[in-house]
Amino acid sequence: FFSSVRLCFCFTLMGTIAYMSKEQTVSSLLVTEQSDWYSVGVILYEALTGRRPFQSNSLARFIRMIQEDEPIAPSSLAPGIPADLESLCLDLLQKAPEARPSGEEVLQRLRTSEHVPTLPRTSNRHEIFGRSKELQELEDALAELQAGNPGLVLMRGRSGMGKSTLLEHFLRTITRESRALVLFGRCMEQAFVPFKALDQVVEALGSRLRRLEESQLAYFLPIHFGALAKVFPVLEDLVQRTETSTRLEREPADPRELRRRAFAALRELLARLAQFQDLPVVVAVDDLQWGDPDSIPMLAEL
């Protein structure tokens with residue numbers, strides 16, 4: 001599908017769409033040096049969070065997001081990001097070219113950031129009061145996990161009560177103290193992708209797998225990893241690795257069997273990751289209420 005679409009647009013769109021600015025997708029707007037700084041912003045966002053600011057399986061939807069939507073704050077996806085880098089990243093991703101910093105401004109801000117006490121500022125922003133009971137329940141669940149007993153914790157409450165802040169504080173703490181390997185995702189109300197409750201989680205998992213050596217990757221990939229990549233196309237590049245793709249089984253055409261194998265492959269993959277890192281794996285999904293029905297059996301399988 002994407003190959004045919006790219007052929008249709010090859011005379012009007014030049015470059016990789018994921019790194020294009022708004023003006024590069026609108027023929028009436030002028031492309032300038034500031035368009036390149038937008039691309040730098042996308043790269044910085046990807047470095048900070050492990051994902052791009054916008055993503056969609058539909059090219060038309062992707063372009064519309066670039067033109068109209070605002071990116072999620074990087075700190076919402078990856079707790080503990082320095083505030084100065086997040087601010088620079090979001091400024092580079094401004095829709096209006098004139099609102100983006102110039103190259104000289106970027107260099108100045110990067111030089112200045114060496115003297116900014118970012119760690120205390122980030123820590124203060126997430127200080128938690130009056131949630132000792134809830135934090136203890138999360139700690140107890142982690143202790144069970146460390147003992148080899150998988151579990152599920154649901155955080156429920158009215159909008160604005162601070163559930164996301166509490167979750168972020170806990171995840172940042174156990175990551176900093178190397179007590180667990182965290183894979184974080186968020187359900188977006190307006191997102192229309194299959195299995196969206198785990199879409200960003202799988203993307204984070206893929207980012208970790210790409211850091212592995214070829215020999216390590218060969219150990220990690222379950223035999224039905226191809227089925228998982230069919231369900232989550234963000235993993236398809238890993239299937240193409242020559243030394244590993246030859247040992248993966250061909251996947252069935254029947255969609256029910258494909259899903260069954262994909263679910264099992266994800267579970268096996270997380271188990272291998274925990275064993276390799278010698279750490280429990282914590283999968284955290286924020287705003288689960290916006291999840292889709294397809295995600296329920298996959299969560300149940302995990």
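Bear in mind that the values here come from a model prediction, so they are computed numbers and not experimental data.
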Checklist entry - What residues, two or more places apart in sequence or in another chain, satisfy salt bridge (Lys or Arg N to Asp or Glu O under 4.0 Å) together with Arg52? => result Glu46
Checklist entry - When rounded to the nearest 0.5 angstrom, what distance separates CG in Leu198 from SG in Cys187? => result 8.0 Å
Checklist entry - Is there a side-chain contact between Val281 and Val283 (heavy atoms, below 4.5 Å)? => result yes
Item to check | Path from Ile17 to Ile43 over hydrophobic side-chain contacts below 4.5 Å | outcome: yes
Next on the checklist: Could you report the tightest heavy-atom contact between Leu270 and Leu183, atom names first, then the distance?
Outcome noted: CD2-CD1, 3.6 Å
Item to check | Pairing residues for Glu98 by the salt bridge (Lys or Arg N to Asp or Glu O under 4.0 Å) criterion, not counting sequence neighbours | outcome: none
Item to check | Cluster link Val31 to Leu93, ILVMFWY, side chain under 4.5 Å | outcome: no
Item to check | Pair listing, salt bridge (charged side-chain N to carboxylate O under 4.0 Å, His left out) test, anchored in residues 191-203, at least two apart | outcome: none
Checklist entry - Where is the tightest heavy-atom contact between Pro222 and Leu269, given as atom of each residue plus distance? => result CD-CD1, 3.7 Å
Item to check | salt bridge (charged side-chain N to carboxylate O under 4.0 Å, His left out) pairs, two or more places apart, involving residues 57-68 | outcome: Arg61-Asp69
Checklist entry - Out of curiosity, Asp140 CG to Leu135 CG, how far, rounded to the nearest 0.5 Å? => result 11.0 Å
Checklist outcome for this item: Quick note, ring-ring contact (aromatic ring centres under 6.0 Å, His included) partners involving residues 268-302, not counting sequence neighbours, are Phe220-Phe276
Next on the checklist: Any non-hydrogen side-chain atom of Leu288 less than 4.5 Å from a side-chain atom of Leu299?
Outcome noted: yes
Checklist entry - Is there a donor-acceptor contact under 3.5 Å linking the side chains of Arg109 and Ser87? => result yes
Next on the checklist: Main chain of Pro101, side chain of Gln34: is a donor-acceptor contact present, judged purely on distance under 3.5 Å?
Outcome noted: yes
Next on the checklist: For Phe263 and Phe195, take the angle between the two ring planes, folded into 0 to 90°, and tell me which bin it lands in: parallel under 30, tilted 30 to 60, perpendicular over 60.
Outcome noted: perpendicular
Next on the checklist: Walk me through whether Leu205 and Leu266 qualify under side-chain contact (heavy atoms from CB on, under 4.5 Å).
Outcome noted: CA-CA 10 Å; Leu205 175 61; Leu266 179 58; 3.8 Å; yes
Item to check | Least distance between heavy atoms, Pro53 atom then Pro71 atom | outcome: CB-CB, 3.8 Å
Item to check | Minimal non-hydrogen separation, Tyr45 against Arg51, with atom names | outcome: CD2-O, 3.3 Å
Next on the checklist: Quick one, Glu104 and Leu107 - any side-chain contact, counting heavy atoms below 4.5 Å?
Outcome noted: no
Checklist entry - Under the side-chain contact (heavy atoms from CB on, under 4.5 Å) test, which residues partner Ala271, sequence neighbours left out? => result none
Checklist entry - Distance from Leu302 atom CG to Leu152 atom CG, nearest 0.5 Å? => result 10.5 Å
Next on the checklist: Given 3.5 Å as the limit, does a donor-acceptor pair link the side chain of Gln277 with the main chain of Ala274, or not?
Outcome noted: no
Checklist entry - Any donor-acceptor pair under 3.5 Å linking the side chain of Lys163 with the backbone of Arg158? => result yes
Item to check | Donor-acceptor contact below 3.5 Å, side chain Ser76 vs main chain Ile72 | outcome: no
Checklist entry - Side-chain contact, heavy-atom cut-off 4.5 Å: Leu48 with Leu44? => result yes
Checklist outcome for this item: Those residues at least two apart in sequence (or on a different chain) that pass side-chain contact (heavy atoms from CB on, under 4.5 Å) with Glu134 are Arg131, Leu166
Next on the checklist: Apply side-chain hydrogen bond (donor to acceptor under 3.5 Å, both in side chains) to residues Ser35 and Gln24 and explain how you reach the verdict.
Outcome noted: CA-CA 7 Å; Ser35 306; Gln24 289 174 285; 4.9 Å; no
Next on the checklist: Can a donor-acceptor pair be found, under 3.5 Å and without considering hydrogens, that links the side chain of Thr49 to the backbone of Leu77?
Outcome noted: no
Item to check | Shared hydrophobic cluster for Val193 and Leu235 (ILVMFWY, side-chain gaps under 4.5 Å) | outcome: no
Next on the checklist: Can you tell me how far apart CG (Leu228) and CZ (Arg267) are? Round to the nearest 0.5 Å.
Outcome noted: 12.5 Å
Next on the checklist: Hydrogens and angles aside, do Thr25 and Gln67 bring a side-chain donor and acceptor to less than 3.5 Å of each other?
Outcome noted: yes
Checklist entry - With sequence neighbours excluded, what pairs up with Glu144 under the salt bridge (Lys or Arg N to Asp or Glu O under 4.0 Å) test? => result none
Item to check | Flag, side chain of Arg100 to backbone of Gln94, donor-acceptor distance under 3.5 Å | outcome: yes
Next on the checklist: Within the 3.5 Å criterion, strictly below it, is a donor on Ser21 or Glu23 matched to an acceptor on the partner's side chain?
Outcome noted: yes
Item to check | Nearest-0.5 Å distance, CG of residue Asp278 to CG of residue Leu273 | outcome: 11.5 Å
Checklist entry - If you measure only the distance, is there a donor-acceptor pair under 3.5 Å linking the side chains of Ser102 and Glu105? => result yes
Next on the checklist: Looking at every non-hydrogen atom in both residues, tell me the closest pair between Cys89 and Gly41 and how far apart they are.
Outcome noted: SG-O, 3.6 Å
Next on the checklist: Are the side chains of Tyr38 and Met20 in contact, using a 4.5 Å heavy-atom criterion?
Outcome noted: no
Item to check | Linked, directly or transitively: Leu85 and Leu90 (ILVMFWY side chains, under 4.5 Å) | outcome: no
Item to check | Any donor-acceptor N/O pair, Gln200 side chain to Phe184 backbone, under 3.5 Å | outcome: no
Checklist entry - Considering residues at least two apart in sequence or located in another chain, which fulfil the side-chain contact (heavy atoms from CB on, under 4.5 Å) criterion with Val282? => result Leu142, Leu145, Leu171, Ile174, Ala180, Val182
Item to check | Residues forming a ring pair (Phe, Tyr, Trp, His ring centres under 6.0 Å) with Phe54, sequence neighbours excluded | outcome: none
Next on the checklist: Please report the interatomic distance CZ(Arg208) to CG(Leu181), rounded to the nearest 0.5 Å.
Outcome noted: 4.0 Å
Checklist entry - Taking only residues at least two apart or on different chains, which pairs with a member in residues 283-298 satisfy salt bridge (charged side-chain N to carboxylate O under 4.0 Å, His left out)? => result Arg186-Asp286, Arg186-Asp287, Arg259-Asp294
Item to check | Stepwise side-chain contact (heavy atoms from CB on, under 4.5 Å) test for Leu167 and Leu138 | outcome: CA-CA 9 Å; Leu167 176 63; Leu138 291 171; 5.6 Å; no
Checklist outcome for this item: By salt bridge (Lys or Arg N to Asp or Glu O under 4.0 Å), Glu70 pairs with (sequence neighbours left out) none
Next on the checklist: Tell me whether Arg172 is salt-bridged to Glu168, with the criterion being a basic N under 4.0 Å from an acidic carboxylate O.
Outcome noted: no
Item to check | Contact summary for Val106 and Leu88, nearest pair of heavy atoms | outcome: CG2-CD1, 4.2 Å
